[in-house]
Each structure stands twice: as structure tokens, then as C-alpha cells.
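Here the structure is laid out as C-alpha cells; the discussion comes afterwards.
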Amino acid sequence: MTDVVDLAQKLLGKKIVRIIDGKYIICRIVETEAYKAPEDKACHAYNNKKTEKTKFFWQIGGNLYVYSIYGNNMCMNITASDADKPEAVLIRAVEPIRGIEIIKKLRKFENKKETPGNLKTLTDGPGKTGASLDIDKSFNGVDLTNSDKIFLVDDEEYKFEVGVSKRINIDYAEEWKDKLWRFYVLNNVFVSKAPKK
DNA sequence: GTAAAGATCCACT
DNA sequence: GTGGATCTTTACT
């Protein structure tokens with residue numbers, strides 16, 4: 001049994017492998033946030049609020065919870081812990097390793113200005129991560145340990161330092177917004193920017 | 001059925 | 001740094 005906050009740290013540096021029509025996209029997780037219901041007000045499942053959308057929190061660890069926010073943005077979470085504990089880790093940003101041309105198509109980058117510096121904007125946010133891996137609501141409930149479309153791979157050789165901060169854009173969560181439950185790879189350009197306040 | 005808000009992104013100043 | 005776009009989900013009148 002793993003606490004969701006520990007899990008958020010452990011997921012950093014791991015690689016996500018996504019297979020689309022036999023082609024591989026590989027990304028490294030560089031930024032995560034922990035959400036821990038029922039007591040965490042920032043969590044969609046706060047106070048055990050169970051709806052059509054949030055019911056996927058109630059899974060054993062290692063499955064996906066996908067939700068849309070502000071319309072088109074798909075965000076990907078990995079559940080933690082047991083089926084009776086609605087806890088999950090939000091993947092906030094990834095670093096593309098393989099399949100970058102595929103990602104550019106998925107992100108509709110083909111018609112945009114291409115500069116050496118803007119590659120980082122491919123995947124430096126939660127909605128962008130979802131788009132880059134072609135995630136949609138059909139991935140809700142997918143078991144990452146037993147899927148031929150998406151799974152995780154350890155990378156023992158990748159060395160990095162872990163940064164910690166408050167979570168982002170959850171100002172409504174009162175005392176919970178100050179929890180240091182956001183983790184990221186220090187000095188990695190694909191990490192989204194720090195919070196405003 | 002209708003309204004209001006949201007774990008965001010993008011363009012623009 | 002600021003504001004609009006945009007649409008799903010949820011909670012009401």
C-alpha cells in the first residue's frame with residue numbers, strides 16, 4: 001500500500017509508453033500532483049462525492065481516471081491505494097522522448113510557428129499531456145499494468161532532483177491549497193511554470 | 001431544461 | 001501578466 005503523496009514522487013522520472021496503431025510514443029513524467037479525497041477539498045472526489053465523472057476514483061491503484069476541464073482539455077490521473085480510498089495522482093507535464101512527430105500531429109502543431117524554443121510547449125501542462133498521448137474518456141478505468149495501449153516503464157538510469165511546491169489553480173480549496181503535494185523534476189524545461197502566488 | 005463554474009490554453013498587451 | 005475562448009459536468013430553478 002502506497003500513500004498517494006509517495007506515489008506522486010515515485011512516478012516522477014518513469015516513462016509512459018503509448019502505442020497507437022503499432023507506433024510508439026514515449027514520454028517521461030516530469031511533473032505530478034497528489035489528490036487525496038475524501039478530506040482534500042481540491043479533489044474532485046472531496047467528501048466522497050461520487051458522480052458519473054468521479055466514480056473512477058474508486059478503483060485499485062494503477063488505473064486511469066480521465067476528466068475534461070474547460071471543454072477540450074483532457075487530464076490524466078493515475079489512481080493510488082485501494083478501491084475504497086479515492087486517491088489519485090494528476091500527471092501535469094511530461095517530456096517527449098520518442099514519437100515527437102506523432103505528438104505534433106495530435107497537438108495540431110503542424111500549422112503553427114516552429115521555433116527551436118517552442119518544443120517545450122508541446123507537453124508542459126495537464127491538458128497538453130492528455131492531448132499528446134491521445135487520451136480521452138474511453139481511457140477511464142484502463143489498467144496501466146495490463147494494457148497494450150498505455151503502460152509505465154521504470155527508468156533506473158535517469159537521475160534527477162525532486163522539486164516540491166504547492167499545487168496549482170486550486171485556490172478554492174482553502175487550507176488544502178497550501179499542501180506541498182506537487183512534485184517535479186528540477187531543471188527540466190517541460191515542467192510547467194510555478195504558481196502565480 | 002437551464003445555468004454556472006472549472007485540477008486549462010492561447011493570443012494579445 | 002491579463003483576459004477571452006470554449007464545452008463538459010453538475011446542480012439547481
Side-chain angles (χ1 to χ4, degrees), chain A residues 4-5 7-9 11-12 16 27 29-59 63-81 85-96 103-115 117-141 163-184 189-197:
Chain A
V4 64
V5 179
L7 181 66
Q9 290 182 70
L11 286 173
L12 281 181
I16 301 175
C27 293
I29 300 172
V30 297
E31 183 178 351
T32 61
E33 282 180 7
Y35 287 85
K36 188 172 184 172
E39 63 268 31
D40 176 9
K41 288 181 182 172
C43 185
H44 291 158
Y46 167 62
N47 199 22
N48 283 322
K49 187 172 78 172
K50 199 168 187 176
T51 66
E52 275 303 301
K53 176 172 104 171
T54 63
K55 67 182 180 185
F56 293 98
F57 267 96
W58 281 265
Q59 306 179 93
N63 288 17
L64 291 181
Y65 160 55
V66 178
Y67 70 94
S68 66
I69 188 65
Y70 297 104
N72 291 337
N73 305 298
M74 306 308 301
C75 296
M76 182 174 70
N77 299 252
I78 299 174
T79 57
S81 196
K85 292 183 180 172
E87 304 178 351
V89 176
L90 168 68
I91 308 300
R92 285 197 59 87
V94 295
E95 170 187 352
I103 293 174
K104 282 182 183 172
K105 279 191 178 181
L106 289 168
R107 292 269 290 111
K108 300 184 167 50
F109 242 62
E110 293 175 314
N111 298 325
K112 300 199 175 180
K113 281 188 239 170
E114 187 91 12
T115 64
N118 79 353
L119 188 63
K120 79 176 282 290
T121 65
L122 267 180
T123 59
D124 65 340
K128 298 174 185 179
T129 298
S132 297
L133 295 175
D134 198 23
I135 299 294
D136 61 37
K137 280 177 295 186
S138 72
F139 281 78
N140 257 319
V164 180
S165 81
K166 298 176 186 178
R167 291 176 294 177
I168 295 180
N169 283 334
I170 53 161
D171 290 343
Y172 54 85
E174 302 176 23
E175 70 270 24
W176 296 92
K177 74 178 194 292
D178 292 327
K179 293 286 180 187
L180 298 176
W181 286 355
R182 171 173 176 252
F183 303 98
Y184 55 95
V189 296
F190 291 95
V191 173
S192 64
K193 292 225 167 171
K196 301 167 191 172
K197 299 184 188 180

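Below, read A as the first sequence line, B as the second, and so on, with proteins coming before strands; counting in each chain starts at 1.
A salt bridge is defined here as a Lys NZ or Arg NE, NH1 or NH2 lying under 4.0 Å from an Asp or Glu carboxylate O, and A:Asp171 with A:Lys177 fails to meet this definition.
Between B:dT8 and A:Asn169, a contact under 4.0 Å exists linking OP1 or OP2 to a side-chain N or O. When the side-chain nitrogen and oxygen atoms of A:Lys137 are compared with OP1 and OP2 of C:dT8, none of them lie within a distance under 4.0 Å. For the pair A:Lys128 and B:dC10, the criterion of a side-chain N or O lying under 4.0 Å from OP1 or OP2 is met.
Among B:dT8, B:dG6, C:dT10, the nucleotide with an atom closest to any side-chain atom of A:Lys49 is C:dT10. In this structure, the nucleotide among C:dT10, B:dT8, B:dA7 sitting nearest to the side chain of A:Tyr65 is B:dA7. Out of C:dA11, B:dC9, B:dT8, the shortest distance to the side chain of A:Arg92 is found at B:dT8. Considering only side-chain atoms of A:Asn72, the nucleotide from C:dC7, B:dA7, B:dC10 that sits closest is C:dC7.
One interatomic measurement links the two molecules: CD of A:Glu87 to P of B:dA7, which rounds to 19 Å at whole-angstrom precision. If you take CG of A:Asn47 and C1' of C:dT10, they are 15 Å apart, rounded to a whole angstrom. The interatomic distance linking A:Asp136 (CG) with C:dT9 (P) rounds to 12 Å, in whole Å. Following rounding to the nearest Å, A:Met74 (CE) and C:dT6 (P) show an atom-to-atom distance of 18 Å. Residue A:Arg107 contributes atom CZ, which lies 11 Å from atom C1' of B:dT8 at whole-angstrom precision. We find that CG of A:Asn73 is positioned 19 Å from P of B:dA5, with the value rounded to whole Å. Between the CD1 atom of A:Ile135 and the P atom of B:dT8 there is a distance of 17 Å, given to the nearest Å. Separating the CG atom of A:Leu90 from the P atom of B:dA7 is a distance of 10 Å, rounded to the nearest angstrom.
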Carefully, step by step, assess A:Glu87 and A:Thr79 under the rule side-chain hydrogen bond (donor to acceptor under 3.5 Å, both in side chains). CA-CA 6 Å; A:Glu87 304 178 351; A:Thr79 57; over 6 Å; no
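Side chains of A:Glu33 and A:Tyr35: a donor on one and an acceptor on the other come within 3.5 Å.
Taking the six-membered ring for Trp and thresholds of 30 and 60 degrees, A:Trp181 and A:Trp176 have ring planes inclined between 30 and 60 degrees apart. Relative orientation of the A:Tyr65 and A:Phe57 rings is tilted, given thresholds of 30° and 60° on the angle between their planes.
Pairing partner, B:dA7: none, since no Watson-Crick or wobble contact has both distances short of 3.5 Å.
Of the two residues near DNA chain C, A:Glu52 and A:Gly71, the one whose nearest nucleotide lies more 5' is A:Gly71.
Counting atom types as modelled, A:Tyr70 pairs no side-chain N or O with a base atom of C:dA5 as donor and acceptor under 3.5 Å.
Within the 4.0 angstrom heavy-atom criterion, only backbone atoms of the sugar-phosphate kind lie near A:Ile170; the bases stay farther away.
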